[in-house]
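Structure record follows, encoded as structure tokens.
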Amino acid sequence: RADGEFPALAVHRQAASFYHEGMYQSAIARLDDLADEAAIFGDLVTQVWALADEAWVQGQSGKKIDMDRTVIRLERLLTSPYLPDDVVKEVMSKRLGEATTISSPGGM
């Protein structure tokens with residue numbers, strides 16, 4: 001960060017580690033931070049994936065109201081003309097459906 005670089009991969013790995021350790025609130029917080037930082041850096045794809053993963057973890061941890069709020073944020077971004085169609089389709093199939101139905105474990 002001091003050099004103006006965006007450590008997206010490192011932050012995502014930290015969130016995944018928290019998730020796998022059962023520290024869901026910490027994973028959610030890191031993913032939210034990642035989405036916010038991606039927005040600042042103009043990295044729309046990372047922002048969308050961070051929000052999709054955040055919603056998924058919220059759903060897995062029983063935080064339905066928080067998940068619904070995150071999904072609303074995510075859905076607004078998915079309409080951006082600057083987001084590649086393949087990313088929209090992948091997020092919709094891999095995360096958004098799972099987040100809203102909480103159907104299958106093992107996300108992130």
Would a hydrophobic clustering, with Ile, Leu, Val, Met, Phe, Trp and Tyr connected at side-chain separations under 4.5 Å, put [X] with [Y]?
X   : Y   : value
M92 : L74 : yes
V11 : F41 : yes
L9  : V87 : no

Would you indicate whether the side-chain heavy atoms of [Y] and [X] approach each other to under 4.5 Å?
X   : Y   : value
W49 : E90 : yes
E37 : Q47 : no
L77 : L83 : no

Looking only at non-hydrogen atoms, find the nearest pair between S80 and L44 and report the distance.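 That would be OG-CD2, 3.5 Å.
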Testing the basics here: between A35 and A50, what is the closest heavy-atom pair and its distance to 0.1 Å?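 That closest heavy-atom pairing would be N-CB, 3.7 Å.
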If you measure from [atom1] on [X] to [atom2] on [Y], what distance do you get to the nearest 0.5 Å?
X   : Y   : atom1 : atom2 : result
E75 : D68 : CD    : CG    : 9.5 Å
I40 : F6  : CD1   : CZ    : 9.0 Å
L34 : H12 : CG    : NE2   : 7.0 Å
Q58 : L31 : CD    : CG    : 9.0 Å
T70 : I65 : OG1   : CD1   : 12.0 Å
D32 : D53 : CG    : CG    : 12.5 Å

After noting the C-alpha distance and the side-chain angles of K89 and D86, does the key distance pass the salt bridge (Lys or Arg N to Asp or Glu O under 4.0 Å) rule? CA-CA 5 Å; K89 289 175 187 172; D86 60 324; over 6 Å; no
Checking the side chain of T79 only, and the main-chain atoms of R76 only, is there a donor and an acceptor separated by less than 3.5 Å?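 Such a contact is found between T79 side chain and R76 backbone.
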If you apply the rule side chain to side chain contact (heavy atoms under 4.5 Å, CB included), what do you find for K63 with I28, and how did you get there? CA-CA 10 Å; K63 298 188 176 299; I28 291 165; 4.2 Å; yes
Look at the rings of Y24 and Y19 and say which category their plane angle falls in: under 30° parallel, 30 to 60° tilted, over 60° perpendicular.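 Ring orientation of Y24 relative to Y19: tilted.
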Salt-bridge contact D36-R30 (side-chain N to carboxylate O under 4.0 Å):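 Looking at R30 together with D36, the answer is no, because their closest N to O distance does not fall below 4.0 Å.
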